[in-house]
Amino acid sequence: MSQPCIFCLIVTGQAPAVTLYEDDQTLAFLDINPINDGHTLVIPRQHHQDIHSMDEAIYRAVAETTRRLTEKIHAALQPDGINLFQANGKAAGQTVFHFHNHILPRYADDKMVVEVHGKLGVDHAELEQLAERIRQHL
Ligand code: 5GP
Ligand code: ZN
């Protein structure tokens with residue numbers, strides 16, 4: 001038998017969580033293994049493995065709860081910065097397969113490394129080819 005989804009268990013109250021906010025579509029709670037104090041997860045109540053199965057309304061609801069909680073965490077904890085992070089798929093680092101946004105309060109002296117700067121000097125024509133592949137799906 002496959003394991004029940006831990007975040008679905010939190011939604012139904014069958015697993016504990018320290019909840020910060022909830023409404024009819026979303027839930028925000030503190031991460032059990034935080035990177036820094038205030039590390040928060042925002043999820044849809046409805047089970048979605050990742051972004052690929054979410055419709056616009058649910059994504060908007062999660063995005064708005066994320067925005068709102070980010071402002072509250074900023075006001076309450078006054079960190080030096082905040083990262084938003086979200087993983088889709090094992091290769092992207094996803095470990096819990098119920099969609100979630102991470103709100104990550106950051107401090108100038110924390111040791112967390114976020115690296116989104118890749119190879120420099122890429123050929124413009126190469127970018128144009130890639131863009132065309134994506135535009136065909138818009
Ligand atoms: P991912 O690696 O999928 O982006 O992040 C999963 C996050 O869920 C991790 O930061 C992990 O600490 C958190 N997490 C896993 N299980 C639980 C749990 O039972 N309760 C809470 N509050 N967080 C959890
Ligand atoms: Zn779930």
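Start at 1 and go down the list; that is how both ligands and their atoms are numbered.
- The nearest protein atom to atom 2 (O) of ligand 1, hydrogens excluded, is given as Thr95 OG1, 2.8 Å; this is a heavy-atom distance.
- Only the side chain of His102 comes within contact range of ligand 1, with a heavy atom under 4.0 Å; no backbone atom does.
- Among all heavy-atom pairs drawn from Arg45 and Asp24, the shortest one is CD-O, 3.2 Å.
- Note: Ile58 CD1 to Gln25 CD = 6.0 Å, rounded to the nearest 0.5 Å.
- The closest approach between His100 and ligand 1 falls below 4.0 Å for a heavy atom of the residue.
- Taking a cut-off of under 4.0 Å to the non-hydrogen atoms of Leu41, the atoms of ligand 1 that pass are 8 (O), 13 (C), 23 (N).
- Among all protein heavy atoms, the one lying closest to atom 15 (C) of ligand 1 is Val96 CG2, 3.8 Å.
- With a heavy-atom cut-off of 4.0 Å, Phe29 touches ligand 1 through its side chain alone.
- Residue Phe97 places no heavy atom under 4.0 Å from ligand 1.
- Here the CD-CZ distance, from Glu71 to Arg68, works out to 11.5 Å after rounding to the nearest 0.5 Å.
- Distance check: Asn36 CG to Ile103 CD1 gives 13.5 Å after rounding to the nearest 0.5 Å.
- In this structure, the protein non-hydrogen atom closest to atom 10 (O) of ligand 1 is Asp31 OD2, 2.5 Å.
- For the ligand labelled ligand 1, residue Ala17 lies outside the 4.0 Å heavy-atom shell.
- Atoms of ligand 1 lying under 4.0 Å from any heavy atom of Gln94, numbered from 1 in the order shown and given with element: 3 (O).
- No other N/O/S atom of His47 lies as close to the Zn ion (ligand 2) as ND1 does.
- Atoms of ligand 1 lying under 4.0 Å from at least one heavy atom of Asn33, given by number and element, are 12 (O).
- Hydrophobic cluster membership differs between Leu27 and Leu30, with clusters built from Ile, Leu, Val, Met, Phe, Trp and Tyr side chains linked at under 4.5 angstrom.
- The ND1 atom of His98 and the SG atom of Cys5 subtend an angle of 100° at the Zn ion (ligand 2), given to the nearest 10 degrees.
- At least one heavy atom of Leu30 lies less than 4.0 angstrom from ligand 1.
- With a 4.0 Å cut-off on non-hydrogen atoms, Ile6 touches ligand 1 through its side chain and not its backbone.
- Checked against the 6.0 Å centroid criterion, the rings of His39 and His102 qualify as a close aromatic pair.
- Hydrophobic clustering (ILVMFWY, side-chain heavy atoms < 4.5 Å, transitive): Tyr59 and Tyr21 are in one cluster.
- Grouping the Ile, Leu, Val, Met, Phe, Trp and Tyr side chains by contacts below 4.5 angstrom, directly or via other members, places Ile32 apart from Val18.
- Salt bridge Arg60/Glu64: absent, no basic N to carboxylate O contact under 4.0 Å.
- A salt bridge links Arg135 with Glu128: at least one charged nitrogen is closer than 4.0 Å to a carboxylate oxygen.
- Among protein heavy atoms, atom 24 (C) of ligand 1 sits closest to Ile32 CG2, 3.4 Å.
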